[in-house]
Amino acid sequence: MKFTFKPSPNYRDKQSTHSIMIELMIGLLVVFGFSVFYYTTEFGTQYGIRAIGLLLTALVAAFGTEAVWYAFSKKNVIKEISNSFPAITATILTLMVSINTSYYALAIATIIAILFGKLVFGGFGQNVFNPAALGRAVIMTSFAGSVVADFATGATPTAAYASAGWMSTSASAFDAFVANFGGMSNMFVGMYPGALGETSALVIILVGIYLAIRKVIDWRVPVVYITTMFVLTFMVGAMHGQGLYYPLFHLLSGGALFGAVFMMTDPVTNPTSAAGRIIFAMGCAILTIVIRLKANLPEGVLFSILLMNMLTPAIERLTDGQQIKMMKKNIMTICIVAVVGIASVAACSLAVTAKETTGTEGGETTEGGAGTDAPALALGNPIALDADFSRFDAQVESSEGGVYVVKVKGYGLIDPEGHAGESGIDYARNVFEVEINPETNEIMSIKNTTFGDTPGIGDKGVSEEYLETFVGLNTTDVTQEVDTVTSATWTSESVVAAIQAAINAVNE
């Protein structure tokens, strides 16, 4: 018997997984290169070297973890690693952390990301969660305090704005707030401290367009996410009298664009169908806004991705089938998700109340700024008065009648006028007037005259309520302990550093 058959026509894609990953890695390195350039030119070579050191640490941890895993599994280590692409996970995770993250914390987080985020599920292509997002969650929840003191960063725009209730009392108040980060235009360019790869919207957009044209990523995911996020935040802003600046701020801050381009587009952890990816992106946007408005972790993007990763199998089942026949069902599902999202965000926004966002002019505190209407005070861990605070470089500028004017480094890398240091590392400075009675050696008063840290967060550490806790301390008893301020530890320690400098000046 003779069988006659013809093979079906097949479409052959010129792109391979390796070529896609190479182009993605190039895009990530472009973003990383911008970060190295920024930190090197603005704050010194040691900052650029620090960024490179972080990337190398993550790469070594990622490749080492996979090498050990495949060696114990008795597989060809080189072949398996070449098909697993650990460099992508390591680079994305590095771009999600700040410059002062310790090498130890990043290494541990990378190992956990590779091991529990990918290898235990069967390796590349089998993982449920985005490995880099899992690693960043580990750092955020377990190593939040593991930072290097010699490399300071300021609070992120989202963290600072979240402390103000995610609302401004007026457009001018908002302008004063974003001036601490160089204004909205500077936030678009990315010339301010933050996570290594999340600050420059301009660079991320350009790289994203290139990757979309090259079909390395699916353009639907970032476009739908950004569009949904813009619509929802515009609605929230309109409900509270905010202008167009409100949705733009949400898009330019908190790693929204970085997550949309480099993490949500992960083909392994998001749905395979076009309708499924639209639902996935919309879900990420909705969860991002809900988390920002209601949760204690203000960024939102990271956990929205992890939560939607868990829902990917359900979305796959919901949209499975011939897409043309299921078009009406998919459109209906997308509409339902949109309605639920609008209702959820609207409900969350009802409880949002505008708070006074503070700003500075020319380095001097202004009305409503630090020390006048500071957030509620919550004392943290005590520290010894004679602890080593040399990193703050406290300097006595002048002294007269027992009053010592002390200039000390704060937490911010951006000065109150929104500009980074022009030469070397020129931190925004906190200036204090410390009055010490020369006869009794007691602190009579301490006053903050210039505030260089993050308004809305650091000003807890220079509030009148906190500074009054130092009044009456005997400067001859350096073994006594003083309290820090929760969430403003660095700023409150700068107060102690200023007092130390004044005490040293008295002794001299």
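Positions are given from 1, in the same order as the sequence printed here.
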message = Quick check for you: to the nearest 0.5 Å, what is the distance between S35 atom OG and L29 atom CG?
response = 12.0 Å
query = Between I139 and V97, is a side chain to side chain contact (heavy atoms under 4.5 Å, CB included) present by the stated rule, with each step listed?
reply = CA-CA 9 Å; I139 294 178; V97 303; 3.6 Å; yes
inquiry  = A quick test of your reading: do over 12 heavy atoms of other residues, nucleotides or ligands sit less than 6.0 Å from CZ of F188?
reply    = yes
ask   = How are the rings of F121 and F129 set to each other: parallel, tilted or perpendicular (split at 30° and 60°)?
value = perpendicular
inquiry  = Tell me whether the rings of F174 and F177 are parallel (<30°), tilted (30 to 60°) or perpendicular (>60°).
reply    = tilted
query = Is any side-chain heavy atom of W69 less than 4.5 Å from a side-chain heavy atom of I114?
reply = no
Pairs flagged by ring pair (Phe, Tyr, Trp, His ring centres under 6.0 Å) wherever residues 193-233 is involved - sequence neighbours left out = none
ask   = Between atom CZ of R292 and atom CG of L232, what is the distance when rounded to the nearest 0.5 Å?
value = 12.0 Å
Nearest heavy-atom neighbours spanning S304 and L287 = CB-CB, 3.7 Å
note = Rounded to the nearest 0.5 angstrom, the CZ-OG1 distance for F63 and T89 is 10.0 Å
L54 versus S98, closest heavy-atom pair with distance = CD1-O, 3.9 Å
ask   = How far does CG of L95 sit from CG of L196, to the nearest 0.5 angstrom?
value = 6.5 Å
inquiry  = Looking at T41 and Y38, would you say the former's side chain and the latter's main chain have a donor-acceptor pair under 3.5 Å?
reply    = yes
task = Apply side chain to side chain contact (heavy atoms under 4.5 Å, CB included) to T40 and I49, showing your working.
result = CA-CA 8 Å; T40 301; I49 295 175; over 6 Å; no
request  = Before giving the answer on side chain to side chain contact (heavy atoms under 4.5 Å, CB included), spell out for V301 and I305 the whole-Å C-alpha distance, their side-chain angles and the decisive distance to 0.1 Å.
outcome  = CA-CA 6 Å; V301 179; I305 294 173; 4.0 Å; yes
inquiry  = Tell me if a side-chain donor or acceptor on H250 pairs with a main-chain N or O of A256 at a distance below 3.5 Å.
reply    = no
message = If you compare all heavy atoms of P271 against all heavy atoms of I315, which two are closest, and at what distance to 0.1 Å?
response = CG-CG2, 3.7 Å
task = Report yes if some heavy atom in the side chain of T91 is under 4.5 Å from a heavy atom in the side chain of L59; otherwise report no.
result = yes
Residue pair L119, Y70: steps toward the side chain to side chain contact (heavy atoms under 4.5 Å, CB included) verdict = CA-CA 9 Å; L119 295 179; Y70 291 124; 3.5 Å; yes
task = Determine yes or no for a side-chain-to-main-chain donor-acceptor pair under 3.5 angstrom, with Q242 supplying the side chain and M167 the backbone.
result = no
query = Quick one: are S349 and L293 in side-chain contact, heavy atoms under 4.5 Å?
reply = yes
query = To the nearest 0.5 Å, how far apart are CG in L307 and CD1 in I286?
reply = 12.5 Å
query = Which distance, rounded to the nearest 0.5 Å, do you find between the CG of L28 and the CZ of F262?
reply = 5.0 Å
ask   = Taking the side chain as C-beta and beyond, is there a heavy-atom pair between I289 and T233 under 4.5 Å?
value = yes
ask   = L306 and L134: which non-hydrogen atoms are nearest, and at how many Å?
value = CD2-N, 4.0 Å
request  = Kindly check if the number of other-residue, nucleotide or ligand heavy atoms within 6.0 Å of CE (M239) is above 12?
outcome  = yes
note = Applying side chain to side chain donor-acceptor pair (under 3.5 Å) to T269 and not counting sequence neighbours gives D266
inquiry  = Please give me the minimum heavy-atom distance between A51 and V36, naming the atom from each residue.
reply    = CB-CG2, 4.1 Å
remark   = With sequence neighbours left out, the residues meeting side-chain contact (heavy atoms from CB on, under 4.5 Å) with V189 are M191
Close side-chain approach of M308 to T312, heavy-atom, < 4.5 Å = no
Salt bridge flag under 4.0 Å for residues K75 and E80 = no
query = So, is the end of the R50 side chain (NZ or CZ) under 6.0 Å from the ring centre of Y103 and within 45° of the ring's axis?
reply = yes
Shortest non-hydrogen contact between T319 and S273, atoms and distance = OG1-OG, 3.1 Å
T272 backbone acceptor or donor facing E316 side chain under 3.5 Å = yes
message = Measuring centre to centre across the rings, with the benzene-like ring taken for any Trp, is Y245 within less than 6.0 Å of F249?
response = no
